[in-house]
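Below, all heavy atoms of this structure are taken into account, side chains as well, without hydrogens, waters or symmetry copies.
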Amino acid sequence: MADPKGFMTTPRQEWPRRPVGERVRDWNEVYVPGALLPIIGRQADRCMDCGVPFCHHACPLGNLIPEWNDLVARDDWRAAADRLHATNNFPEFTGRLCPAPCEAGCVLAINQPAVTIKNVECAIADRAWEEGFTPPRPPDRLSGRTVAVIGSGPTGLAAAQQLTRAGHTVAVYERDDRLGGLMRYGIPEFKMEKHHLERRLEQMRAEGTKFRTSTAVGRDVDAAELRTRYDAVVIATGATAWRELPVPGRELAGVHQAMEYLPLANRVCEGDLERSPLSAAGKHVVIVGGGDTGADCLGTAVREGAASVTQLDIYAQPGTERDEDAEPWPTYPRIYRLSAAHEEAGTLRTAPAADADARLFAASTLRLTGDADGRVRALHLVEVDARRRPLPGTVRSLPADLVLLALGFLGPDREDGIVDQLGLTLDPRGTIARDAGFATNVPGVFAAGDAARGQSLIVWAIAEGRAVAAAVDRYLTGGTRLPAPIGPYDRPMGV
């Protein structure tokens, strides 16, 4: 504990964002470059080195947070990087994309703003790359066993890196033309610039992991045939079956799923397209869904130059403080949070119909109407109570030339053929069933990540990848030294 009084003398200070008027004109990350390192040492000093650090329990990776906070406060960045990478393969991803349940579990958060754990993590990861603390770690010798990993999202990449380092020959199959899954084509550039992803992929290649892009298992390669070619198979395809909006007018042109819209904007940033075919430029945009994906659509539409953007959230606006009865510490509370995209929308007043930050809370879509050409022109909504029952006299309409559905995901996509070709059993939720060792009903086939857990956070995806790697290593060799931070039935802390 570098400063025993740090939590009493130093206020919380977060990584500052660039001015709204500047950042909405580009696709770079929203934070001020270089502004984190000067403040992060004192922020790490706020860590109390608790006797029982609940941040460990709130993080499914079991990150050694008090340890690397202390090392950062003492300016020992190499040791901090070692501690961080001991539990997390990709801290530069989680440091930017994770909603930080660890901070909700911070003991200091009982009566003060939590330690900026996420910012410290990101600072360590970036400093590690700058100082060369993350060299490739190829295995000393090969096991002679082979593993196919289907999907290159955070779960698949984490599993692949762990298994490669254990000495197995691993090939990752990705249906898209580039690696990364939703980190590549779902997460906008302004949340995580893709050079962070490319840098980690190069490390994995140097360690020996093989990648097969533009190869859709189940279509280009039969999944059952793939199983015969490898000693084990890990299914980490994610939960890509999106939820639908069953209202009149859904068939109108101009109504799209968020994951039809976001990848095109990312392809513009990759240089594949000069302009997205679904660009929001000059359009009135309504986003149905109040989660992170909806916020990603919001920030993207603002940067594309939308005439207006409104986001609908069916839940009532939460308060700014934790409800100690419903969501006591150290659970992750549902409170009012202002993402970078919402800050931009509020500053620019992109949604005249909303009170602030472009969100309409407690709003449910009734129907969509269009013009004579079959294009959407308006979204009709109604306010609802806590049980989602319509409130009389609250029906109204919003202009809408582009409607984006960000309603979440149900489970793996059955249309890719993997489930049927392998004869996998699904659980009642529609996700891939597995036992306590991450194994499916097919010998040698394992399932991890959102495909089996259901839609979750990136930190859980990485934890799943690390845990399934340990299970596969045990299956192949009879034992394992790989860490397994979670089990398949573990869930976030709740009440």
Side-chain angles (χ1 to χ4, degrees), residues 146-160 163 169-186 209-244 256-264 267 293 405 407-435 437-456 461 464-465 468-469 471-472 475 488:
T146 59
V147 183
V149 176
I150 307 174
S152 69
T155 297
L157 292 180
L163 288 166
T169 300
V170 181
V172 179
Y173 287 80
E174 171 56 53
R175 64 182 180 181
D176 282 323
D177 58 339
R178 292 185 179 91
L179 300 163
L182 289 184
M183 291 188 298
R184 171 74 66 179
Y185 289 128
T209 302
K210 309 298 181 184
F211 295 103
R212 308 280 186 264
T213 56
S214 301
T215 305
V217 175
R219 296 176 185 173
D220 300 326
V221 178
D222 186 273
E225 178 189 344
L226 191 74
R227 171 65 189 94
T228 65
R229 288 162 45 187
Y230 290 87
D231 295 315
V233 173
V234 176
I235 300 174
T237 52
T240 55
W242 49 55
R243 296 181 187 275
E244 263 298 344
H256 299 275
Q257 289 284 347
M259 291 312 302
E260 294 174 313
Y261 171 72
L262 290 172
L264 292 170
R267 287 192 177 276
T293 302
L405 309 181
L407 301 169
F409 303 90
L410 296 168
D413 185 359
R414 293 289 300 273
E415 293 184 3
D416 62 18
I418 295 175
V419 169
D420 294 331
Q421 290 170 14
L422 288 172
L424 297 174
T425 300
L426 300 181
D427 63 23
R429 300 174 303 153
T431 53
I432 299 173
R434 53 189 180 170
D435 64 16
F438 292 87
T440 70
N441 60 300
V442 179
V445 178
F446 298 79
D450 290 4
R453 174 171 291 275
Q455 183 180 350
S456 190
E464 286 255 338
V468 77
V472 171
Y475 168 78

With distance as the sole test, does [X] use its side chain to make a donor-acceptor pair with the main-chain N or O of [Y] at under 3.5 Å?
X: Asp450; Y: Arg453; answer: no
X: Thr425; Y: Ala433; answer: no
X: Thr215; Y: Thr213; answer: yes
X: Arg434; Y: Ala447; answer: yes
X: Asn441; Y: Gly423; answer: yes
X: Thr146; Y: Thr169; answer: no
X: Gln421; Y: Gly218; answer: yes
X: Glu260; Y: Gln257; answer: yes

Measure the shortest side-chain to side-chain distance between [X] and [Y] over non-hydrogen atoms and say whether it is less than 4.5 angstrom.
X: Val217; Y: Ile235; answer: no
X: Ser214; Y: Arg175; answer: no
X: Glu244; Y: Leu407; answer: no

As an exercise, state the distance from [atom1] of [X] to [atom2] of [Y], rounded to the nearest 0.5 Å.
X: Leu182; Y: Thr240; atom1: CG; atom2: OG1; answer: 8.5 Å
X: Leu405; Y: Thr293; atom1: CG; atom2: OG1; answer: 12.0 Å
X: Gln455; Y: Thr431; atom1: CD; atom2: OG1; answer: 12.5 Å
X: Phe446; Y: Phe438; atom1: CZ; atom2: CZ; answer: 10.5 Å

Salt-bridge contact Arg184-Asp176 (side-chain N to carboxylate O under 4.0 Å): no
Ion pair Arg212/Glu174, N-O distance below 4.0 Å: no
Applying side chain to side chain contact (heavy atoms under 4.5 Å, CB included) to Thr209 and Val172, what does each step give before you reach the verdict? CA-CA 8 Å; Thr209 302; Val172 179; 3.9 Å; yes
Report yes or no: is the cationic atom of Arg178 (NZ for Lys, CZ for Arg) under 6.0 Å from the centre of the six-membered ring of Tyr185, at an angle within 45° of the ring normal? no
Closest heavy-atom pair and its distance - [X], [Y]:
X: Gly180; Y: Ser152; answer: N-OG, 2.9 Å
X: Pro412; Y: Gly430; answer: CD-O, 3.5 Å
X: Gly437; Y: Ala471; answer: O-CB, 3.2 Å
X: Pro443; Y: Tyr475; answer: C-OH, 4.3 Å
X: Ala258; Y: Pro263; answer: O-CD, 4.0 Å

Would you mind listing every salt bridge (charged side-chain N to carboxylate O under 4.0 Å, His left out) that reaches into residues 422-431, with sequence neighbours excluded?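 Checked against salt bridge (charged side-chain N to carboxylate O under 4.0 Å, His left out) - neighbours excluded - the pairs reaching residues 422-431 are Asp427-Arg429.
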Provide the full list of salt bridge (charged side-chain N to carboxylate O under 4.0 Å, His left out) pairs with a residue in residues 220-231, sequence neighbours left out, each pair given once.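 For residues 220-231, and leaving out neighbouring residues, the salt bridge (charged side-chain N to carboxylate O under 4.0 Å, His left out) pairs sorted by first residue read Glu225-Arg229.
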Worked check of side chain to side chain contact (heavy atoms under 4.5 Å, CB included) between Ile150 and Val234: CA-CA 6 Å; Ile150 307 174; Val234 176; over 6 Å; no
Is it the case that the ring center of Phe211 lies less than 6.0 angstrom away from the ring center of Tyr173? no
Stepwise, does the side chain to side chain contact (heavy atoms under 4.5 Å, CB included) test hold for Val170 with Val149? CA-CA 7 Å; Val170 181; Val149 176; 3.9 Å; yes
Verdict with reasoning, Leu163 to Val472, per side chain to side chain contact (heavy atoms under 4.5 Å, CB included): CA-CA 8 Å; Leu163 288 166; Val472 171; 4.0 Å; yes
